[in-house]
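Worksheet: the structure to be examined is printed underneath.
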There are 2 protein chains.
Amino acid sequence: MASIKDVAAEAGVSVATVSRVLNDHPSVSADARTRVLAAVETLGYRPNAVARSLRTDQTHTLGLVISDVLNPYFTELARSVEEEARALGYSVIIGNADERPDLQDHHVRNLLDRRIDGLLVSPTDGGSPLMLDAVRAGTPMVFVDRWIPGVDVPVVRADGRAAVRDLVAHLHGLGHRRLAIIAGPAATTTGRERVEAFREALSAYGLDLPDAYIGQGDFQADSGRRVTEGFLDLPEPPEVVFAADNLMALGALDAVRARGLRVPDDIALAAFDDIRWFVHTDPPVTAVAQPTGELGRAAVRALVARIEGRPGESVTLPARLVVRRSCGEAPSAVPPLSPVRRSTS
Amino acid sequence: MASIKDVAAEAGVSVATVSRVLNDHPSVSADARTRVLAAVETLGYRPNAVARSLRTDQTHTLGLVISDVLNPYFTELARSVEEEARALGYSVIIGNADERPDLQDHHVRNLLDRRIDGLLVSPTDGGSPLMLDAVRAGTPMVFVDRWIPGVDVPVVRADGRAAVRDLVAHLHGLGHRRLAIIAGPAATTTGRERVEAFREALSAYGLDLPDAYIGQGDFQADSGRRVTEGFLDLPEPPEVVFAADNLMALGALDAVRARGLRVPDDIALAAFDDIRWFVHTDPPVTAVAQPTGELGRAAVRALVARIEGRPGESVTLPARLVVRRSCGEAPSAVPPLSPVRRSTS
DNA sequence: CCCATCTGTGTAATCGATTCCACAAGGAGG
DNA sequence: CCTCCTTGTGGAATCGATTACACAGATGGG
């Protein structure tokens with residue numbers, strides 16, 4: 001592969017001049033410039049990003065450590081992050097932690113070793129020493145979706161409180177009184193917050209959230225299945241199950257289906273995180289939708305601001321409730337759909 | 001951030017010795033080794049991967065250019081690729097081409113500039129000059145899922161022929177005779193092959209695949225919706241729609257639902273690529289399942305073999321049919337489920 | 001006792017870029 | 001005509017690692 005020396009030789013100039021042309025430094029003669037450009041063309045030269053990074057101490061790369069690539073929420077987040085980063089001249093390296101703190105550390109360490117310019121993290125746990133050290137060492141960092149309390153790092157996230165209140169209002173309006181939640185790991189902020197928001201919303205209706213109705217999940221489908229089975233085995237099972245993420249909702253659907261029960265007739269279901277498939281599940285699932293794309297973009301903007309020495313503030317955007325049929329009768333005033341539909345066919 | 005010089009100073013040895021300890025070169029005294037290790041510890045030293053890469057001309061990084069991160073198939077592929085790569089001591093940088101040749105080129109160029117050790121590509125098109133140049137220049141490369149004919153690069157993919165034959169047999173057995181397909185882009189091998197496999201399987205039953213029943217999609221949901229609307233507008237609409245990927249199947253579901261029609265009563269649906277949500281859609285969707293995880297792992301093994309100078313062969317694994325209810329009555333001999341279910345509740 | 005061999009270590013070249021500094025040539029002003 | 005600037009260019013240091021080579025000191029065989 002051709003190096004800057006080859007280009008210099010071909011153009012009959014020094015490497016310094018080639019470098020100046022490539023970084024369009026002002027003091028280069030028109031003549032030298034065209035000769036260099038021609039040499040670049042004939043040799044098919046591309047600057048070595050590794051060498052450049054070593055010298056300039058910048059990689060123009062952001063690291064993104066997410067908790068689970070198989071979760072459509074994070075996948076969408078990753079996509080918007082990459083898009084915004086590309087628009088700002090940065091590349092993104094994604095690390096998938098699979099909700100495992102050790103894997104998360106592996107990726108953080110790897111990204112740091114590669115001297116990425118900044119780190120976007122959705123922490124799987126309360127913060128490993130490694131990550132705290134990185135913050136202390138001054139690595140530009142931004143938390144997205146989840147964060148670690150007590151660490152001075154901007155946080156970009158959605159506030160689901162209002163949407164969860166709307167959800168509980170909706171459920172209460174449908175006559176449901178025994179509401180249960182499949183919680184995320186207590187080590188994550190989203191794991192705790194969603195339970196808290198749910199509990200607060202319930203108490204506004206004088207409803208309680210007994211321990212038996214708080215199932216401990218880990219944001220993965222299997223845990224949703226397991227917890228839901230536990231709920232169904234209770235002497236008095238809940239009337240509604242609220243899954244704190246979409247994968248646990250999937251697991252809950254699996255469990256309900258395995259018992260030959262039906263949603264929402266036998267048990268209602270709602271989920272945090274809206275995904276496209278929820279429109280077509282049986283039944284369509286009521287969910288709290290986050291402005292995922294906007295979160296990703298805001299996170300990148302905040303991180304790049306930090307990298308370039310500007311402030312870079314935290315951002316909180318509201319989530320909103322999307323009502324579908326998984327909690328009971330159709331929400332709006334339209335007549336029940338099924339009979340109408342059949343007559344159409 | 002501490003460099004190897006700082007470690008050398010702290011340990012009272014030369015940088016060469018530090019390097020030797022770090023790469024456990026045999027000829028280092030036990031004394032020097034412990035002093036270096038202690039210095040590494042106190043300084044929290046981590047080798048600079050950028051500098052190391054420049055010197056050794058290896059980045060221990062693979063590039064993966066996929067067509068669409070939002071497609072669960074590719075997401076799963078990416079995950080297995082990263083896992084296997086990690087097991088073999090490599091990191092992965094993912095580039096999302098979004099089915100756009102220009103973006104694909106952007107990522108290939110970017111990855112090449114970063115001097116990745118090898119490239120895993122699922123090409124969006126017939127092969128840009130850039131990619132062909134890279135192959136010619138000797139960049140270790142492996143195609144996964146899709147490939148470019150006439151290019152000497154190992155291909156790791158699934159063969160769906162048998163599964164598509166099974167699908168057509170299943171559909172024929174259910175009495176369907178007018179079968180349509182939502183094809184992928186003709187520029188992709190999977191786009192063409194799936195249509196061909198479908199046509200061949202049909203002809204075995206004396207069935208024809210008229211042009212009106214071949215809709216041109218682009219592997220994205222919107223195109224699935226658009227094509228399906230076209231099918232439904234036909235004077236004689238098909239009885240079955242086979243979507244060449246899961247996102248177009250999602251679009252098809254959207255279109256059918258928007259018309260107030262039902263699957264499979266009004267029109268049957270099948271898809272290439274099985275995803276977890278197909279179990280819970282209304283109705284559960286019959287699909288051709290690829291051994292995605294195994295494909296990803298095999299692709300990485302082939303690529304790493306090439307990188308390390310070993311042969312690295314092509315791999316073709318069979319896909320298989322997963323029958324659900326979206327094409328008509330339950331496949332097995334069990335009695336119809338719905339009434340039984342209701343009685344359980 | 002001498003020379004060959006082996007061990008452990010340091011010096012310095014190297015990878016491919018960027019950039020400081022020196023300097024030559026040319027133009028402007030006195 | 002001499003100085004002072006400006007402009008364009010090249011030489012060389014530098015980033016942080018790896019590694020070829022030289023070499024000092026210890027060891028061992030004849």
Side-chain angles (χ1 to χ4, degrees), chain A residues 1-40 43-61 89 109-117 137, chain B residues 1-40 43-61 89 109-117 137:
Chain A
M1 184 146 284
S3 84
I4 195 169
K5 274 192 206 149
D6 304 316
V7 176
E10 172 84 14
V13 297
S14 74
V15 294
T17 300
V18 176
S19 177
R20 283 192 269 262
V21 171
L22 264 32
N23 297 285
D24 41 39
H25 187 89
S27 70
V28 178
S29 67
D31 176 55
R33 162 164 284 114
T34 52
R35 291 224 309 286
V36 166
L37 260 20
V40 164
L43 295 176
Y45 169 75
R46 297 242 83 214
N48 183 327
V50 174
R52 184 192 299 235
S53 293
L54 177 61
R55 183 61 232 257
T56 62
D57 205 30
Q58 297 183 44
T59 51
H60 276 276
T61 303
R109 199 178 339 258
N110 181 28
L111 292 165
L112 255 25
D113 285 354
R114 299 179 116 81
R115 301 301 192 265
I116 43 123
D117 294 341
Chain B
M1 187 145 282
S3 83
I4 196 170
K5 274 190 206 151
D6 304 316
V7 177
E10 172 84 15
V13 298
S14 73
V15 292
T17 301
V18 175
S19 178
R20 290 195 188 96
V21 170
L22 264 30
N23 297 285
D24 41 41
H25 187 90
S27 70
V28 178
S29 69
D31 176 54
R33 160 164 285 112
T34 53
R35 290 223 310 286
V36 167
L37 259 22
V40 164
L43 294 175
Y45 169 76
R46 297 242 82 212
N48 183 328
V50 174
R52 185 192 302 236
S53 293
L54 177 61
R55 183 59 233 257
T56 61
D57 204 32
Q58 297 182 44
T59 50
H60 275 277
T61 303
R109 198 175 344 255
N110 181 28
L111 292 165
L112 255 26
D113 285 354
R114 283 164 190 276
R115 302 300 193 267
I116 43 122
D117 293 340

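Proteins come first, then strands; the chains are lettered A, B, ... in the order of their sequence lines, and each starts at number 1.
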How does protein reach along nucleotides 9-15 of chain D, written 5' to 3' as B (base within reach of a heavy atom under 4.0 Å), S (only sugar-phosphate), or - (no contact)? BBB-BBB
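Note on A:S19: a base of the nucleic acid sits closer than 4.0 angstrom, heavy atoms only. Heavy atoms of B:D57 sit nowhere under 4.0 angstrom from any nucleic acid atom.
Remark on the helix from C:dC1-D:dG30 to C:dG30-D:dC1: inter-end axis angle 60°, axes from five-pair C1' superpositions, rounded to 10°.
Atom CD in B:Q58 sits roughly 17 Å away from atom P in D:dA17 (whole-Å rounding). For the pair B:D24 CG and C:dG8 C1', the computed distance is 16 Å after rounding to whole Å. Between A:I4 atom CD1 and C:dT14 atom C1' the separation is 16 Å, expressed in whole Å. Rounded to an integer number of Å, the gap from A:L22 CG to C:dT19 C1' is 14 Å. Summarising the geometry, the separation between CG on A:N23 and P on C:dC20 is reported as 12 Å, rounded to the nearest angstrom. For the pair A:N48 CG and D:dA17 P, the interatomic distance rounds to 17 Å; values are reported in whole Å.
Every residue two or more places apart in sequence or in another chain that forms a salt bridge (Lys or Arg N to Asp or Glu O under 4.0 Å) with B:R35 is listed here: B:D31. Applying the side-chain contact (heavy atoms from CB on, under 4.5 Å) rule to B:D57 yields no partners; only residues at least two apart in sequence or on another chain are considered. Annotation: side-chain contact (heavy atoms from CB on, under 4.5 Å) contacts of A:V40 (sequence neighbours excluded): A:V7, A:L22, A:V36, A:Y45. Under the rule for a side-chain contact (heavy atoms from CB on, under 4.5 Å), the partners of A:R109 that lie at least two apart in sequence or sit in another chain are A:D105, A:D113, A:L130, B:R46. With sequence neighbours left out, A:R55 forms a side-chain contact (heavy atoms from CB on, under 4.5 Å) with no residue at all.
Under the salt bridge (charged side-chain N to carboxylate O under 4.0 Å, His left out) criterion, no residue pair touches residues 14-28 of chain B, with sequence neighbours excluded.
Rounding to the nearest 0.5 Å places OG of A:S53 at 7.0 Å from CZ of B:R114. B:N110 contributes atom CG, which lies 7.5 Å from atom OG1 of A:T61 (distance to the nearest 0.5 angstrom).
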For residues 10-19 of chain A, tabulate all N or O donor-acceptor pairs below 3.5 Å that involve a side-chain atom, not counting sequence neighbours.
unit_1 : atom_1 : unit_2 : atom_2 : d
A:S14  : OG     : A:A16  : N      : 3.3
A:S14  : OG     : A:T17  : N      : 3.4
A:S19  : OG     : A:N23  : ND2    : 3.4

